[in-house]
Structure formats: structure tokens, C-alpha cells
Number of protein chains: 2
Amino acid sequence: MHQPDHLKNAGLKTTLPRLKVLSLFESGRERHMSAEDVYKQLLSTGDDVGLNTVYRVLTQFEQAGLLVRHYFEGGKSVFELNHGTHHDHIVCLQCGHVEEFYDASIEARQEIVAAERGFTIREHSLYIYADCNKMPCPNK
Amino acid sequence: MHQPDHLKNAGLKTTLPRLKVLSLFESGRERHMSAEDVYKQLLSTGDDVGLNTVYRVLTQFEQAGLLVRHYFEGGKSVFELNHGTHHDHIVCLQCGHVEEFYDASIEARQEIVAAERGFTIREHSLYIYADCNKMPCPNK
DNA sequence: AATGCAAATGATAATTGTTCTTATTTGTTG
DNA sequence: CAACAAATAAGAACAATTATCATTTGCATT
């Protein structure tokens with residue numbers, strides 16, 4: 001069992017709501033979820049957790065480094081498991097569907113752009129906003 | 001007078017609130033402003049414009065291509081004059097200094113990445129966070 | 001296993017940023 | 001300068017998020 005350890009290490013009590021939220025992310029059903037998404041997923045499996053608790057837990061998990069928060073257009077936050085490896089995101093403006101990508105060429109160009117200006121890159125965020133062109137949109 | 005022309009060309013009536021908002025941006029006092037920022041700036045000069053009108057006008061200006069909207073972290077929109085040229089930003093983590101850049105290669109790769117996944121790009125935002133390595137940092 | 005207490009939760013309300021509704025006013029066109 | 005469509009202001013409505021606070025829960029200590 002490593003889930004409780006994650007919580008313990010973060011100085012968080014091992015509570016039912018926290019375990020439910022964490023295992024939902026670890027189930028892999030949805031990689032990117034907003035607070036509302038998590039809330040509805042838990043509701044659908046009978047695991048009622050208050051929406052405010054979901055918000056609180058997500059924020060705590062972010063601070064503990066268990067989750068990564070993304071600020072997408074439309075003003076809502078989306079979370080995903082922090083698996084350590086960098087990637088960028090392409091987000092559908094119609095349905096909110098998110099896909100990850102990694103492009104070595106883009107990464108390399110960024111290094112060059114920074115170097116040309118005398119900067120040393122610490123991190124970066126690239127979000128492509130697009131239409132997924134799927135009918136109907138997966139998440140809609 | 002070119003401001004009214006901008007409005008006319010966009011199919012927008014030349015109204016007082018629109019002129020006030022536009023000239024505030026063109027004054028150059030602040031390059032990036034949220035709806036709230038614009039509202040307060042106008043209040044401070046006695047040019048009362050309702051906050052809802054500010055929102056409406058900003059959205060219209062964005063659609064007309066006069067302004068560009070940025071979605072910043074924290075879920076609020078910020079606008080700036082549209083100088084016609086798309087650019088990304090590199091931000092110094094030490095001093096907050098911001099430089100704009102445009103890299104055709106990165107732009108092209110994004111199109112490819114999106115196309116490979118069946119997406120049609122609407123827009124994108126790329127922020128590089130770095131150290132500017134200038135001693136002392138320009139803005140510090 | 002029972003006790004105590006800090007920490008966590010849930011219900012509710014408050015906040016923030018933004019959009020909608022509708023009656024009134026304003027800009028333009030004839 | 002009259003008429004009519006378009007734009008505005010005031011206030012309500014909304015969605016995402018955060019705060020308040022009484023009750024409950026996890027967990028260390030008996």
C-alpha cells in the first residue's frame with residue numbers, strides 16, 4: 001500500500017475522502033479532471049464527498065506534489081497525477097478534452113530562443129487551444 | 001482621427017464608452033489590463049462606464065481584432081492592444097522581466113502536432129520561465 | 001478498547017469574475 | 001430633427017471557488 005504513505009509523507013491524515021480522490025486519479029479512468037469532474041465521478045460510484053472537500057483535497061494534493069494543476073481557458077482548473085515527466089497539452093475548446101504531447105523539436109527550439117537572449121530556462125508551459133473535430137466531442 | 005475608424009471598420013458604433021476604453025489602451029499607461037483594471041482606471045478619471053459595459057466592449061474589441069485576450073493563472077482575463085504580430089513570452093523568474101519572441105519553427109511544429117491528432121488550432125499560449133542572467137536583473 | 005483532541009468534513013453562505021435581462025438612452029440615417 | 005436600431009446601465013443571475021463553523025473522524029494515548 002503506497003497511497004496512505006503518500007498522504008502521510010505529505011503530513012495529511014489518511015481519511016476516506018482523500019483516499020477516494022487519490023484512487024480515482026490512480027484508476028486512470030480520466031487523467032485530467034476538474035473539481036467538478038472529480039465530484040461527479042465520486043457521486044456516480046456512490047462515494048459521496050462534498051464539493052468543497054474535493055476542492056480542499058485537490059489543493060492539498062497539489063501542494064503536496066501529488067497532483068499538478070493546470071489553468072485552462074474558461075477559468076477552471078484541471079488536475080492530473082504528477083508523474084514527473086514533462087509534457088505539454090492540447091485542449092479542445094468545445095468539449096474540454098485534453099491530450100498530452102511531447103515534441104522534441106519544440107523543446108529544442110525553446111532552448112535556442114532562450115539562449116539567444118541570454119536566458120536559462122527553468123520551466124515552461126505550452127497550451128494549444130483547438131477544436132478536437134470529433135463528433136460529438138468526447139466530453140460533451 | 002483613427003479611433004472611430006477602427007470602430008466603424010469593426011461594425012461598431014462610435015460610442016463614448018468605446019472611445020474611452022480604446023483610448024485608455026492607446027494611452028499606453030498600462031499595456032495589460034483586466035476588465036476590473038479598465039473599470040477602475042476610467043473611474044479614477046471620472047469617466048464612469050459600467051463594469052458590465054466594460055466586459056461587453058472588451059469582448060467586442062477582442063472579436064474585432066483590436067485587442068488580444070490572455071488567460072492568466074488565477075482564472076482572470078487580461079487584454080492588450082493587438083499589434084498584429086503574434087508572439088510568445090519569456091519571463092525572468094528572478095526579476096519578472098518579460099521579453100516577447102516569435103519562432104516560426106515552434107509555430108510550425110504546433111500545427112503538425114495538432115494535425116496529427118486531428119485538432120484544428122484556435123490559439124495557443126507559450127510561456128518560458130527562466131533566469132535572464134543579467135546582473136543586476138533589469139526590473140529588480 | 002475507551003478517551004480526548006486536533007484535524008477534517010459537510011452544510012451553508014460568501015466571494016469573485018463574468019454574463020444575461022430589460023428598460024432607458026444614444027448614435028446614425030433619412 | 002424624427003425615427004429606429006443599437007448600445008448602455010442597473011441589477012439579477014451564474015459558475016467556479018473559497019470561507020465559516022458546528023459536527024464528525026482519525027489517531028495517539030491511556
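Just so it is clear: chains get the letters A, B, ... in the order the sequence lines come, proteins before strands, and each one is counted from 1.
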B:Glu123 and B:His86 side chains, donor-acceptor separation under 3.5 Å: no
Integer-rounded Å distance: C:dG17 C1' and B:Met33 CE: 18 Å
Rounded distance in Å - CG (A:Asn52) to C1' (C:dA14): 13 Å
Minimum heavy-atom distance between A:Gln110 and A:Ile121, given as atom pair plus value: O-CD1, 3.5 Å
Rounded distance (Å) that lies between atom C1' of C:dT18 and atom CD of B:Glu62: 13 Å
Donor-acceptor under 3.5 Å (B:Ser34 side chain, B:Asp37 main chain): yes
Options D:dT18, C:dT18, C:dT9, nucleotide nearest the side-chain atoms of B:Ala35: C:dT18
Linked, directly or transitively: B:Phe79 and B:Leu66 (ILVMFWY side chains, under 4.5 Å): yes
Candidate pair B:Leu24 and B:Met33, rule side-chain contact (heavy atoms from CB on, under 4.5 Å), full reasoning: CA-CA 10 Å; B:Leu24 173 58; B:Met33 284 181 285; 3.9 Å; yes
Spacing of A:Phe61 atom CZ relative to C:dA8 atom C1', expressed in whole Å: 12 Å
End-to-end axis angle, where each axis spans five pairs of the helix from C:dA1-D:dT30 to C:dG30-D:dC1, to 10°: 30°
Sugar-phosphate, base or nothing in reach of A:Ser34, heavy atoms under 4.0 Å: nothing
A:Glu80 side chain to A:His87 side chain, donor-acceptor N/O pair below 3.5 angstrom: yes
N/O (side chain, A:Tyr55) to phosphate O (OP1/OP2, D:dT17) under 4.0 Å: yes
Distance-only donor-acceptor check, side chains A:Thr53 and A:Arg56, under 3.5 Å: yes
Ring centre gap for B:His89 and B:Tyr127 strictly below 6.0 Å: yes
Touch class at under 4.0 angstrom, heavy-atom based, for B:Arg56 against every strand present: base
Interatomic distance, B:Leu19 CG vs D:dA7 C1' [rounded to whole Å]: 13 Å
Protein-nucleotide distance (B:Leu51, atom CG; D:dA7, atom P), rounded to Å: 19 Å
Euclidean distance, atom NZ of residue B:Lys76 to atom P of C:dT16 [Å, nearest integer]: 10 Å
Main-chain N/O of A:Lys13 paired to A:Arg18 side chain as donor or acceptor, under 3.5 Å: yes
d(CG, B:Leu58; P, C:dG17) in whole Å: 14 Å
Protein proximity profile, nucleotides 23-30 of chain C - base contact B, sugar-phosphate-only contact S, no contact -, cut-off 4.0 Å on heavy atoms: ----BS--
